[in-house]
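Here's the structure, in structure tokens; my notes come after.
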Amino acid sequence: MEYRILIVGSGAREHAIARSISKTQIDHQLFCIASNKNPGIMNICDELILGDIENVDFIVENAIQKKCNLAIIGPENPLSKGVVDRLKENNIPSIGPTKDLAQIETSKSFARDLMKEYNIDGLPIYQSFTTMNGVKECLANHGENYVLKYDGLAGGKGVKVSGEHIFNHEEALDYCQGIISSNGKFVIEEKFIGEEFSLMSFSDGKTLKHMPVIQDHKRAYEGDEGPNTGGMGTYSDKDHSLPFLNKEDVKKAKETNEKIIRALYKKFGERYIGVLYGGFMVTEDGVKVIEYNARFGDPEAMNVLTLLETDLLTIFKSMVNGDLDSANVKFKNQATVCKYAVPIGYPTDPVKGSSVDVSMIADDEVISYGSVNTQNDKIILAGSRALCITELGDTIAEAELVVEKKISKVKGSLFHRTDIGKSELIDKKVERMNKIR
Ligand code: GLY
């Protein structure tokens with residue numbers, strides 16, 4: 001059977017997915033619904049269809065027209081709009097959960113309530129609000145350690161952490177009032193102190209196959225300073241754990257992802273087919289859940305897909321067919337580092353429209369293109385994270401050296417974080433964790 005695959009999204013994550021799929025021996029054609037003319041995806045796909053990647057009608061019409069029999073949904077917004085439900089109605093299976101199940105990412109209160117209802121460990125003290133009634137009292141109870149979460153998708157800008165983004169209760173009340181004034185909902189929860197890590201798992205709704213654990217750096221500037229971004233770079237270690245974690249931490253994260261999938265099945269009677277991304281923090285009281293995402297992380301996808309030894313399309317087939325338990329999902333025992341080159345001024349006031357030159361990088365395979373366009377054979381900055389380089393190594397330090405060498409050769413109005421993956425930064429995390437435990 002020929003697989004006619006539609007990828008929705010055109011960032012680096014979707015480029016990495018397309019690259020992995022293109023390596024399969026299974027007969028296939030690849031289509032991509034894209035918001036930008038991503039040169040990497042254009043090289044791989046049979047057709048790049050430019051358009052609104054959040055327009056469900058447009059996606060479904062194209063999937064039907066191209067006779068697609070599998071869709072892979074990259075970002076969260078189309079999931080929140082029910083694209084998988086609509087594709088399902090048209091007998092097109094997807095990698096990505098339906099709207100109900102995607103609430104694990106799209107509604108912060110849903111995710112917390114699910115954990116509470118099904119007694120899943122790692123839950124903070126939390127309260128959801130649709131009015132300002134009780135907000136002052138709740139903040140007073142939390143003191144100086146709280147997190148405010150807008151209860152919906154906000155492109156990473158909806159979460160405000162005390163001491164990092166919000167510095168007193170007045171600012172907190174202003175933020176909450178702003179949400180209520182626009183008819184929104186929010187959650188106030190306890191702030192955890194520790195180190196973050198993410199664990200993504202392939203899911204067919206019953207069985208999970210876990211991926212290597214990853215560390216993401218969300219802050220824009222060196223030393224984890226500056227505004228939050230989608231992620232400036234990531235690393236993973238040879239043993240599929242991280243230097244500041246122990247075996248119990250990883251086991252706990254795996255069990256938690258498994259419990260979430262079981263809880264979702266019990267609640268909706270429906271299989272979660274897709275990638276479940278658990279964002280965790282290891283604290284003095286063990287592993288806690290920060291948030292869940294209903295998709296591959298970006299840049300995390302670059303790390304895990306570079307390590308993946310098993311054919312990705314075969315894994316996706318098993319997920320759709322519900323026989324992931326019989327799939328042998330294997331990853332290389334190597335470390336990875338991925339770093340993004342982003343436009344100068346990113347994320348607040350990024351340069352757009354100027355060209356990027358990657359001709360000094362001989363190996364195209366290590367580049368994943370993100371927010372760039374192709375114009376007259378030139379690569380043009382489109383305003384968000386432009387491209388990333390991912391490398392393998394026997395150690396994180398070895399992979400980092402190669403990434404640094406290559407990313408420094410990219411010419412354009414760009415910057416990247418030189419510190420991600422360097423021992424100085426990792427050793428600090430290990431020391432900090434040793435003090436916390
Ligand atoms: N890198 C974090 C995310 O994909 O949400």
Side-chain angles (χ1 to χ4, degrees), residues 7-17 20 35 53-54 72-80 95-97 102-108 111 147 149-161 164-165 195-203 211-221 224 226-236 242 253 257 260 274-281 289-307 336-342 346-347 368-371 384-390 403 416-417 420-421 425:
I7 297 180
V8 177
S10 50
R13 165 182 48 208
E14 290 77 25
H15 182 190
I17 294 170
S20 286
S35 52
I53 63 165
E54 292 179 23
I72 302 162
I73 317 300
E76 60 276 25
N77 282 317
L79 296 174
S80 75
I95 300 300
Q103 286 181 92
I104 196 67
E105 169 165 8
T106 61
S107 167
K108 307 304 167 201
V147 181
K149 290 182 169 177
Y150 168 66
D151 191 44
L153 296 178
K157 295 185 188 84
V159 177
K160 304 288 174 199
V161 182
E164 292 180 30
H165 314 102
E195 287 299 333
E196 283 187 39
F197 66 98
S198 30
L199 172 74
M200 299 184 291
S201 312
F202 292 112
S203 164
M211 305 183 211
V213 168
I214 309 285
Q215 163 97 121
D216 181 21
H217 288 272
K218 292 205 173 68
R219 299 301 193 105
Y221 312 137
D224 289 327
N228 266 350
T229 70
M232 292 294 286
T234 31
Y235 60 84
S236 69
L242 290 167
N257 280 8
I260 292 284
V275 171
L276 181 71
Y277 171 127
F280 298 96
M281 186 172 277
V289 174
I290 303 175
E291 62 173 8
Y292 267 99
N293 294 326
R295 53 175 170 81
F296 273 116
D298 182 345
E300 290 89 339
M302 273 54 85
N303 302 78
V304 293
L305 294 176
T306 305
L307 288 167
T336 59
V337 171
C338 171
K339 295 196 197 197
Y340 258 110
V342 301
Y346 173 82
S368 301
Y369 291 100
S371 175
S384 194
R385 294 175 294 172
L387 61 93
C388 58
I389 308 277
T390 314
V403 170
H416 70 276
R417 276 187 55 176
I420 292 173
L425 202 64

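Each ligand, and each atom within it, is numbered from 1 in the order the structure gives.
Neither the backbone nor the side chain of T234 has any atom closer than 4.0 Å to an atom of ligand 1 (non-hydrogen atoms only). Contacts between F296 and ligand 1 below 4.0 angstrom, taking non-hydrogen atoms only, are absent altogether. Proximity of M232 to ligand 1, defined as any heavy-atom pair under 4.0 Å, is not found for any part of the residue.
Ring geometry for F280 versus F197: interplanar angle under 30°, hence parallel rather than tilted (30 to 60°).
Residues I17 and I72 have side chains in contact (heavy-atom distance under 4.5 Å, counting atoms from C-beta outward). In this structure the side chain of T229 never reaches within 4.5 angstrom of the side chain of H217, judged on heavy atoms.
When each atom of ligand 1 is checked for a heavy atom of G230 under 4.0 Å away, the hits are 1 (N), 2 (C). Each of the following atoms of ligand 1 lies closer than 4.0 Å to a heavy atom of E300: 1 (N), 2 (C), 4 (O). Contact atoms of ligand 1 toward N293: 5 (O) (distance under 4.0 Å to a heavy atom of the residue). Set against the non-hydrogen atoms of Y277, the atoms of ligand 1 under 4.0 Å away are 2 (C).
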Could you walk me through whether D216 and T234 pass the side-chain hydrogen bond (donor to acceptor under 3.5 Å, both in side chains) test, one step at a time?
CA-CA 4 Å; D216 181 21; T234 31; 5.4 Å; no

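Taking the ring axis of Y340 as reference, the NZ or CZ atom of R385 stays within 45° of it and closer than 6.0 Å to the ring centre.
Under a 3.5 Å cut-off, the side chain of E105 and the backbone N or O of Q103 do not form any donor-acceptor pair. With hydrogens and angles disregarded, no donor-acceptor distance shorter than 3.5 Å links the side chain of R219 to the backbone of P227.
The shortest N/O to N/O separation between K218 and ligand 1 does not fall below 3.5 Å. The N/O atoms of G297, backbone and side chain alike, include none that comes under 3.5 Å of an N/O atom in ligand 1. The shortest N/O to N/O separation between D216 and ligand 1 falls below 3.5 Å.
Closest approach of A12 to D298, counting heavy atoms only: N-OD2, 4.1 Å.
Of the protein's non-hydrogen atoms, R295 NH1, 3.6 Å is the one closest to atom 3 (C) of ligand 1.
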